[in-house]
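Structure, as structure tokens:
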Amino acid sequence: MLRFLSWFALALLVACPTGSVQAVGGDPVADAKRAVEPLALEFKVAENAMRDRLSAMRETPDYKEAYEAKEWDKLRALSDGIVNPVMEEWKEKFAGVAKLYASKEAELVVAAAQLRLRLLADPGEAVERLVDAYASSAHLGGVIQSPRVPQGMKPERFAALMTKVIEENASKEIQAQAYFNRGSSHRRGRDLTDEQKAASEADFTKVIELLPSDALLSLKAQGPRFEETRLQTGMKAPDIAGVDLFGEKFKLSDYAGKVVMLDFWGDW
Amino acid sequence: MYPHERSLVENMAGRPFAIIGVNSDKDLDKLHGRLKEEEITWRSFWCGEDGTGGAIPSLWNVSGWPTVYFIDHKGIIREKSVGSPDDLDGLVERLVSEAEGKASL
């Protein structure tokens with residue numbers, strides 16, 4: 001009977017993912033994940049529909065006239081009219097779920113999604129508060145997944161928060177992310193001082209030490225040095241092995257003997 | 001950049017030249033449609049769901065798209081540009097002639 005009841009509760013939670021059901025079960029982190037994941041998918045659908053409406057709006061005479069006349073305020077008002085209501089609606093939906101887990105470690109799960117989907121009015125405040133409260137948590141990763149300094153926060157403050165994580169968190173992956181974020185925060189602006197460059201390199205070296213060499217974050221940390229030491233004109237180009245757009249494996253060296261124009265591109 | 005690349009592929013047919021892309025689009029289905037529409041026949045590595053943050057652009061420290069490397073027939077990096085280089089045709093012609101000159105010796 002008990003087993004039946006917990007299945008029933010789980011089914012109810014899955015069926016009502018938008019936060020109308022209180023968290024159940026003994027693991028609030030897992031509950032939060034179950035609540036947030038379907039909501040994030042729903043948001044993606046809403047976001048795509050919003051993009052379609054934006055494209056359609058750009059075809060209207062109203063928009064085209066304003067564009068020709070360079071009336072930037074009017075153009076902004078036209079897109080805000082489509083974007084803002086959608087974003088406000090979803091900010092509220094996520095905030096509703098966040099409330100269920102407020103002041104519990106599981107709020108990290110909800111906040112990670114809110115940060116990733118840009119559904120927080122003040123991401124800096126959230127990062128500041130959550131890192132401060134949960135620096136040692138195994139679930140902190142999502143909250144510091146972006147190396148970008150949150151809007152409104154000073155790079156020095158962000159670096160200090162990352163230092164706290166490095167000192168207090170036991171997870172290698174989370175430490176590596178914190179090192180990477182701190183290293184990136186030193187790299188703002190084009191001309192780095194020698195001191196900034198050395199600090200950044202030291203942090204990136206720690207990332208490389210902590211992770212397997214083919215981990216994405218390790219590759220990102222290897223990037224600046226790789227470019228400096230392997231990708232200058234006159235150097236032998238490193239090989240690339242990967243899959244093509246149809247899933248077939250191939251290598252850059254398959255084209256040895258030919259002149260190759262290696263084009264990093266995207267259809268945007 | 002597609003029309004220019006298409007004409008390069010056409011003009012360089014039969015000569016030792018290849019365009020190899022490193023593509024950072026996330027939606028493959030959509031991209032397959034675009035390949036047809038734009039007649040993009042040259043081969044690309046795909047960076048996966050991580051897009052611009054995928055493994056190859058991460059290691060190669062790419063931060064602007066397009067970034068283009070020109071690698072000669074000996075595998076040496078000869079030019080590198082963020083954005084399309086000024087004299088794309090001239091540059092390719094120069095490198096390909098060099099490759100052919102060496103090949104005939």
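In what follows, every chain begins at residue 1, and chains take the letters A, B, ... in the order their sequences are listed.
A:Phe226 and B:Trp60 have tilted rings, their planes meeting at an angle from 30° to 60° on a 0 to 90° scale.
Between chain A and the options B:Lys30, B:Met12, B:Glu5, B:Lys26, heavy-atom pairs under 4.5 Å are most frequent for B:Glu5. When each of B:Ile76, B:Leu35, B:Leu31 is scored by its heavy-atom pairs under 4.5 Å with chain A, the top score falls to B:Ile76. When A:Ala256, A:Ala241, A:Ala237 are compared by the number of non-hydrogen pairs under 4.5 Å with chain B, A:Ala237 comes out ahead. Of the listed residues A:Gly242, A:Gly247, A:Gly257, the one with more heavy-atom pairs under 4.5 angstrom with chain B than any other is A:Gly257. Note on A:Lys249, A:Glu227, A:Gln222: by heavy-atom pairs under 4.5 Å with chain B, the leading option is A:Glu227. When B:Arg43, B:Arg15, B:Met1 are compared by the number of non-hydrogen pairs under 4.5 Å with chain A, B:Arg43 comes out ahead. Top candidate by heavy-atom pairs under 4.5 Å with chain A, chosen from B:Gly53, B:Gly51, B:Gly64, is B:Gly53.
In this structure, the separation between NZ on A:Lys236 and CG on B:Asp72 is 8.5 Å, given to the nearest 0.5 Å. Interatomic distance, CH2 of B:Trp46 versus CD of A:Glu248, reported as 15.0 Å (0.5 Å rounding). Put simply, NZ on A:Lys251 and CD1 on B:Ile20 are 14.0 Å apart, with the number rounded to the nearest 0.5 Å. Considering CG of B:Leu59 and NZ of A:Lys220, their distance stands at 11.0 Å, rounded to 0.5 Å. Annotation: the span from A:Thr233 atom OG1 to B:Tyr69 atom OH amounts to 10.0 Å, rounded to 0.5 Å.
B:Ser44 and A:Trp265 are linked by a side-chain donor-acceptor pair at a separation below 3.5 angstrom, with hydrogens and angles left out of the test. In summary, the side chains of B:Tyr2 and A:Asp267 do present a donor paired with an acceptor at a separation below 3.5 Å, with no hydrogens or angles considered.
With a 4.5 Å cut-off on non-hydrogen atoms, B:Leu28 touches chain A through its side chain but not through its backbone. Looking at A:Arg225, neither its backbone nor its side chain comes within 4.5 Å of chain B, counting heavy atoms on both sides. Both the backbone and the side chain of B:Val96 come within less than 4.5 Å of a heavy atom in chain A. For B:Leu88, the part lying under 4.5 angstrom from a heavy atom of chain A is the side chain only. For a residue to count as touching a neighbouring chain, one of its non-hydrogen atoms must lie under 4.5 Å from one of that chain's; by this rule A:Leu217 does not touch chain B. Interface remark: B:Arg78 contributes backbone atoms only to the contact with chain A (heavy atom separation under 4.5 Å).
Pairing each heavy atom of B:Ala99 with each of A:Val259, the nearest pair is CB-CG2, 4.2 Å. The two residues A:Met261 and B:Val68 have their closest heavy-atom pair at CG-CG1, 3.6 Å.
Shown here is B:Asp86, whose CG atom has no more than 12 heavy atoms of other residues, nucleotides or ligands within 6.0 Å. A 6.0 Å sphere centred on CD of A:Glu195 holds no more than 12 heavy atoms belonging to other residues, nucleotides or ligands. Within 6.0 Å of atom CZ in A:Arg118, 12 or fewer heavy atoms from other residues, nucleotides or ligands are found, so the atom counts as exposed in its surroundings. When the shell of 6.0 Å around CG of B:Asp87 is examined, it contains more than 12 heavy atoms from other residues, nucleotides or ligands.
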* To do: Decide yes or no on side chain to side chain contact (heavy atoms under 4.5 Å, CB included) for A:Leu216 and B:Asp50, but give the supporting numbers first.
  => CA-CA 9 Å; A:Leu216 205 49; B:Asp50 295 301; 3.4 Å; yes

* Do B:Thr52 and A:Trp268 pass the side chain to side chain contact (heavy atoms under 4.5 Å, CB included) test, and can you show the C-alpha distance, the side-chain angles, and the key distance before you say yes or no? -> CA-CA 12 Å; B:Thr52 54; A:Trp268 55 72; 3.7 Å; yes

* Pair B:Val22-A:Leu262, side chain to side chain contact (heavy atoms under 4.5 Å, CB included): steps then yes or no -> CA-CA 7 Å; B:Val22 180; A:Leu262 184 69; 3.9 Å; yes

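A:Lys258 places no side-chain N or O within donor-acceptor distance of the main-chain N or O of B:Ile19, the cut-off being under 3.5 Å. A donor-acceptor distance shorter than 3.5 angstrom exists from the side chain of B:His32 to the backbone of A:Leu245, with no hydrogens or angles considered.
Within the 4.5 Å cutoff, the side chain of B:Ile77 has heavy atoms near those of the A:Leu231 side chain.
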